[in-house]
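Worksheet: the structure to be examined is printed underneath.
Throughout, numbering of the chain's residues begins at 1 and tracks the sequence. Ligands are counted one by one from 1 in listed order, and the atoms in each one are counted from 1 as well. Note that the structure is predicted; figures quoted are calculated from it, not measured.
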Amino acid sequence: MDVMAAANKLEAEGARVLHMEVGQPGMPVPDHVRVAAEDALASGKLGYTEARGMPILRNALIKHYAEHYGVDVADERIVVTTGSSAGFNLAFLAAFDPGDRVALTAPGYPAYRNILKALGLIPVEIEVGPETRWALTPEHIEKAHAEAPLKGVLVASPANPTGTMMTPEALKDLVEACEAKGIWFISDEIYHGLSYEVQEETALRFSQKAIIINSFSKYYCMTGWRIGWMILPEELVRPVERIAQSLYISAPQLSQIAAAAAFEVKDDLERVKAVYQENRAILLDGLAAAGFDEVMPVDGAFYAYVGVRKFSNDSLDFCKRMLEEISVASTPGADFDPAHGAGYMRFSFAGPTEDIREAMTRLKAWTANF
Ligand SMILES: Cc1ncc(COP(=O)(O)O)c(C=O)c1O
């Protein structure tokens, strides 16, 4: 946030800042989705919906699981949420009690740990590295569980900030290891749809006990609509439904209507993905040319997490200087990994291709001075 504030200040002073810090799609929502929302708005009839979401959206989700993954989902297990962020809150509240331990990767998305702590739960951050492709393994879980019992494990694949993905086999092994130990497995599938190398798989295929959390924010370009969904094990549906009713009654109806329409614009969304694919290639070439030799495998999402130790021991300072000297905004690693993040930073390639290209040209000239 400090870097973003500094970037905004520079922009106000007239600099052309290239934004590679933002974790959201640069493209507008496809026309068909916008028009569906405009029609709903024009009707003037927007109200509460069922807490689990409107039937048109739940039906669209059932169809999506059948077509995209070949998995059958029962309507009764779907809960529509206000983004995946609400999904985490609901899942944690329904599945855990204060003091329960939940394992996460470090580096990882910082809100997981913040929400857990806010709810009186204990985040158990497990450092992951190249030997496991930055993913948790059954061995990690066994070790942490032996120290003190775990109640949950939360995994994202593709992950933020690394962009790395678990293979279907690695995911299966982890899901099954958790189920065997009676540990809730929470799968953050928000970056599904955005995979470039490894085939993506839903944890639902491997366990009916897995808690699936997903969102329209990333692949569907709908961050501002605040809309997402969960697929829950049967015993958690009613508790989650009741907590959701009390916390926010229902997700906004306007966003639910737009989200249902988002399943009808696959071609548009695939075109957006093709832009990310091009950006990714430009970024990876550009990082290599600028001398960054420690880049996590960018399997999916729209991030590259890179080591900066060659240039600096403090990525916060490095990112600040990059912004001040060449007007390229990026994210330092400390938020993602309090212990080792000072050696890393994240570039997002969700922005316009021309900006990524220009950023790489500036970066190469800049790092030549180090
Ligand atoms: C891994 C991950 N999960 C969840 C979220 C939250 O997304 P939303 O609440 O918009 O669905 C983000 C946002 O950047 C994220 O990176």
Aromatic rings [X] and [Y]: how do their planes relate, parallel, tilted or perpendicular, breaks at 30° and 60°?
{"X": "Y344", "Y": "Y305", "value": "parallel"}
{"X": "F88", "Y": "Y109", "value": "tilted"}
{"X": "F349", "Y": "Y196", "value": "tilted"}
{"X": "F292", "Y": "F318", "value": "perpendicular"}

Determine whether the side chain, the backbone, both or neither of F88 has a heavy atom under 4.0 Å from any heavy atom of ligand 1. side chain
Within the structure, is a non-hydrogen atom of T223 found at a distance of less than 4.0 Å from ligand 1? no
For the pair R58 and E76, find out whether any cationic side-chain nitrogen is under 4.0 Å from an anionic carboxylate oxygen. no
Provide the number and element of each atom of ligand 1 under 4.0 Å from a heavy atom of [X].
{"X": "D188", "result": "1 (C), 2 (C), 3 (N), 4 (C)"}
{"X": "K218", "result": "13 (C), 14 (O)"}
{"X": "R226", "result": "8 (P), 9 (O), 10 (O)"}
{"X": "Y112", "result": "1 (C)"}
{"X": "S85", "result": "6 (C), 8 (P), 9 (O)"}

Looking at ligand 1, does any of its N/O atoms fall within less than 3.5 Å of an N/O of S215? yes
Regarding R346 and the six-membered ring of Y303, is the cationic atom NZ or CZ under 6.0 Å from the ring centre and inside 45° of its axis? yes
Indicate yes or no: at least one non-hydrogen side-chain atom of L171 is less than 4.5 angstrom from one of F185. yes
What I'd like to find out is whether the side chain of I190 reaches to under 4.5 Å of the side chain of S84, using heavy atoms alone. yes
Give me the nearest non-hydrogen protein atom to [atom] as residue plus atom name, then the distance to 0.1 Å.
{"atom": "atom 10 (O) of ligand 1", "value": "S217 OG, 2.6 Å"}
{"atom": "atom 12 (C) of ligand 1", "value": "Y109 CZ, 3.4 Å"}
{"atom": "atom 4 (C) of ligand 1", "value": "S84 OG, 3.2 Å"}

